[in-house]
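Note that these values count all heavy atoms, side chains included, but never hydrogens, waters or copies made by symmetry.
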Amino acid sequence: MLDMIMITIFAMAMFLVIYHHLLYPVLLKLATRNNKVAPPSIKKRRYIFSAEDQKLNSFSIVIPAFNEAKFIAEKIRNLSVIDYPSDKYELILLCDGCHDETYNIAKQTLSELACQDLNCQLINFKDNRGKVAVLKEGVKKAKFDNIVFSDVSALLPVNCLLMLDSHFTNTLVGAVSGGYKFIKKGTEGEQYYWRYQSMVKTRESSLASVLGAHGAFYALRKSCYEDIPADTINDDFLIPMNVIKQGYRVIYEPRVVAIELEQVNLEQDMTRRLRIAAGNFQQLIYLLPLLSPKYGWNAINFASGKALRAITPFILVLIFISNMYLAAFYSFFLALFVCQVLLYGMVWLMNVFHLAPKLKVLKLLCYLITGYWVALKGCLKFIFGRQEKVWTKI
């Protein structure tokens, strides 16, 4: 009897892992094969003033900053050369209790001749209250009907607001997320994973809505913004998901890409992934109502993409434990268990000695297994209340 229970657990867990990584992308591909709706064309303004400028949407760009002295000047200069009428967008830059020269550098940069036309509210908070509190404050101070969120370390293309304007002419669209790339390529496994994620996001967006957004650059209608809990970890996921709950679409636009300047070492990357994993588990709890069938494809996408990803570390533990039990009775499961131990052992050795496998499939497996190990630690950190309450600079 116990054998059958363990075999059932093993089979169901294996199916969920295979479904999440392989079958779900195939399902998206089949569901979107006849979807030939072209994305809206992005206006080509070329910095030429015209009467058409008055028809454009207006945007408030809200940027929280904590110890961003390294990138704050380039970010301000970047936003000052966006191809958009200067009276149609504003920058709200909020320094959240910085311990470095972020505020002073920002103030000095805004006085530069090239940046003087940039309409900016520069706000300096003495205490570090956390990103969520700062975002909320920024939205309150926004005077325009559409909000853009962006990270200091991400440079935006000059046509980013023109792209947003082309989407917000559709009244069904409540939020838009741009593409995202690192200025320096990561490992081959990481590159493959990002291409896979971009493909999934594009198809999810085509069917209903993309789930979440890239914090480097996304926008929403101010009327769709809802306050989120102060302890929210992945704010760039929860805020757009609240837009979906209100009945609007969230669009993924890979044609306009934010470029991430900041490079992190292995230890910093692990810290970042721990935090994201904790956030994935947290948002699953917050957004359980989105699993309701009334949300249609959004419910399917959330269950198949985000919910399963959040619990996959625990599913892998179930596979390992059930396989270990069954290996004592069945030669087939013994062989599978040996393969698991060898695979996990190989990944552990490669991480310890900083080795890179030659085969592409091994590079991808190494990246995924390492990611899920970190995710397991991140989830446990959240469950046991060890997650930081205020943001820190990674």
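- Proximity of F333 to F10: side-chain heavy atoms (C-beta onward) are separated by under 4.5 Å at one or more points.
- Separating the OH atom in Y89 from the CG atom in L164 is a distance of 13.0 Å, to the nearest 0.5 Å.
- Contact of the L376 side chain with the L380 side chain is registered, since non-hydrogen atoms from C-beta on lie closer than 4.5 Å.
- Under the 3.5 Å distance criterion, with hydrogens and angles disregarded, no donor-acceptor pair is assigned to the side chains of Q282 and N234.
- The shortest heavy-atom contact between E204 and L211 is OE1-N, 3.8 Å.
- Follow the hydrophobic side-chain contacts under 4.5 Å out from V17 and you reach M324 in the same cluster.
- In this structure, F320 has its ring center under 6.0 Å from that of F337.
- Counting only N and O atoms by type, the side chains of Y19 and S304 include a donor and acceptor under 3.5 Å apart.
- In the hydrophobic clustering of this structure, F49 does not group with L161; members are Ile, Leu, Val, Met, Phe, Trp, Tyr whose side-chain heavy atoms approach within less than 4.5 Å, directly or through other members.
- Of all the heavy atoms in S150 and A216, the pair that sits closest is OG-O, 2.6 Å.
- With sequence neighbours left out, the side-chain contact (heavy atoms from CB on, under 4.5 Å) criterion links P85 to R45, D53, L56, D87, K88.
- Considering only residues two or more places apart in sequence or on other chains, E52 meets the salt bridge (Lys or Arg N to Asp or Glu O under 4.0 Å) condition with K55.
- Residues L93 and Q121 fail the side-chain proximity criterion, which asks for heavy atoms closer than 4.5 Å.
- Electrostatic pairing of D235 and K131 counts as a salt bridge here, judged by a charged N lying under 4.0 Å from a carboxylate O.
- Taking the six-membered ring where the residue is Trp, the centroids of H99 and F66 are separated by under 6.0 Å.
- For K136, the salt bridge (Lys or Arg N to Asp or Glu O under 4.0 Å) test picks out D227, with sequence neighbours left out.
- Between the side chain of K43 and the backbone N or O of M163 there is no donor-acceptor pair closer than 3.5 Å.
- Separation of atoms CE (M14) and CG (L318) is listed at 12.5 Å; rounding is to 0.5 Å.
- Between T232 and L238, the closest heavy-atom pair is OG1-CD2, 3.6 Å.
- In this structure the side chain of K222 never reaches within 4.5 angstrom of the side chain of N146, judged on heavy atoms.
- Here F125 contributes atom CZ and C95 contributes atom SG; the two are 9.0 Å apart, rounded to the nearest 0.5 Å.
- Contact check on D83 versus R46 returns no salt bridge, with no Lys/Arg side-chain nitrogen under 4.0 Å from an Asp/Glu carboxylate oxygen.
- Proximity of a side-chain donor or acceptor of Y47 to a complementary backbone N or O of V81 within less than 3.5 Å is detected.
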> Would D145 and S223 count as a side-chain hydrogen bond (donor to acceptor under 3.5 Å, both in side chains) if you check the C-alpha gap in whole Å, the side-chain angles of each, and the deciding distance to 0.1 Å?
Replying inline: CA-CA 7 Å; D145 293 334; S223 59; over 6 Å; no

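- Cluster partners of V26 are L30, counting Ile, Leu, Val, Met, Phe, Trp and Tyr whose side-chain heavy atoms approach within less than 4.5 Å, directly or via other members.
- Salt-bridge annotation for R77 and E74: present, with a side-chain N of the basic residue lying under 4.0 Å from a carboxylate O of the acidic one.
- When only modelled atom types and interatomic distance are considered, E68 and T102 share no side-chain donor-acceptor pair under 3.5 Å.
- Scanning all heavy atoms of the two residues, the minimum distance from V132 to P229 falls at CG1-O, 3.6 Å.
- A continuous path of Ile, Leu, Val, Met, Phe, Trp and Tyr side chains, each step under 4.5 Å between heavy atoms, connects V256 with L261, placing both in one hydrophobic cluster.
- Aromatic ring centres of Y372 and H21 lie closer together than 6.0 Å.
- Below 30°, between 30° and 60°, or above 60°: for Y325 and F329 the angle between ring planes is between 30° and 60°, a tilted geometry.
- Listed for the D236 side chain is a donor-acceptor partner under 3.5 Å among the backbone atoms of G215.
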>> One pair to check against ring-ring contact (aromatic ring centres under 6.0 Å, His included): F144 and F59. What are the steps and the verdict?
In response: CA-CA 6 Å; F144 293 132; F59 296 93; 8.6 Å; no

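- Rounding to the nearest 0.5 Å gives a distance of 5.5 Å between CD of E137 and CZ of R129.
- With hydrogens and angles ignored, the 3.5 Å screen pairs no side-chain donor or acceptor of R203 with any backbone N or O of T32.
- With no hydrogens or angles considered, a side-chain donor-acceptor pair links Y252 and S198 at under 3.5 Å.
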>> Quick one, S86 with D117, criterion side-chain hydrogen bond (donor to acceptor under 3.5 Å, both in side chains). Give me CA distance, side-chain angles, the key distance, then yes/no.
In response: CA-CA 7 Å; S86 58; D117 287 338; 5.9 Å; no

Residues 170-178, side-chain donor-acceptor partners within the protein, below 3.5 Å, at least two apart:
from : atom 1 : to   : atom 2 : distance (Å)
N170 : OD1    : L172 : N      : 2.9
S177 : OG     : H214 : N      : 3.1

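- With contacts defined as side-chain heavy-atom distances shorter than 4.5 Å, the pair I123/I92 qualifies.
- Seen from the ring of Y225, R221 does not count as a face-on cation partner, given the 6.0 Å and 45° thresholds.
- A donor-acceptor pair is defined here as one N or O able to donate and one able to accept, closer than 3.5 Å; no such pair exists between the side chain of S292 and the backbone of P289.
- Residues passing the salt bridge (Lys or Arg N to Asp or Glu O under 4.0 Å) test with E253 are R255, sequence neighbours excluded.
- Rounding to the nearest 0.5 Å gives a distance of 6.5 Å between CD1 of I9 and OG of S322.
- Using a 3.5 Å distance cut-off with no hydrogens or angles, the side chains of Y84 and N159 do not pair a donor with an acceptor.
- Residues M6 and N323 are not in side-chain contact: their nearest non-hydrogen atoms beyond the backbone lie 4.5 Å or more apart.
- With N78 contributing its side chain and L155 its backbone, the two residues share no donor-acceptor pair below 3.5 Å.
- The 12-atom threshold is not exceeded at CD of Q108, counting heavy atoms of other residues, nucleotides or ligands nearer than 6.0 Å.
- Judged by distance alone, the side chain of S209 and the main-chain N or O of V250 form a donor-acceptor pair under 3.5 Å.
- Atoms CD1 and CG, from I244 and L287 in turn, are 9.0 Å apart once rounded to the nearest 0.5 Å.
- Defined by atom type and a distance below 3.5 Å, a donor-acceptor pair is present between the side-chain atoms of N351 and T370.
- Q283 places no side-chain N or O within 3.5 Å of a backbone atom of F237 that could act as its donor or acceptor partner.
- In this structure, H20 and G305 approach most closely via the heavy-atom pair CE1-O, 3.1 Å.
- Inter-residue side-chain proximity for L220 and I239 is flagged as met; some heavy-atom pair is nearer than 4.5 Å.
- Listed here is the closest heavy atom pair of L284 and A310: CD2-CB, 4.1 Å.
- Ring to ring, F149 and F217 are not that close: their centroids are 6.0 angstrom or more apart.
- Judged purely by atom type and a 3.5 angstrom limit, Q116 uses its side chain to pair as donor or acceptor with the backbone of S111.
- Looking at L110 and L122, their side chains come closer than 4.5 Å, going by heavy atoms from C-beta outward.
- Inspection of the E260 and S153 side chains reveals an N or O donor paired with an N or O acceptor under 3.5 Å.
- Residues V338 and I369 are members of separate hydrophobic clusters, defined by side-chain heavy-atom contacts under 4.5 angstrom among Ile, Leu, Val, Met, Phe, Trp and Tyr.
- At least one donor-acceptor pair closer than 3.5 Å links the side chain of D96 to the backbone N or O of G130.
- Centroid-to-centroid, the aromatic rings of F384 and F382 stay 6.0 Å apart or farther.
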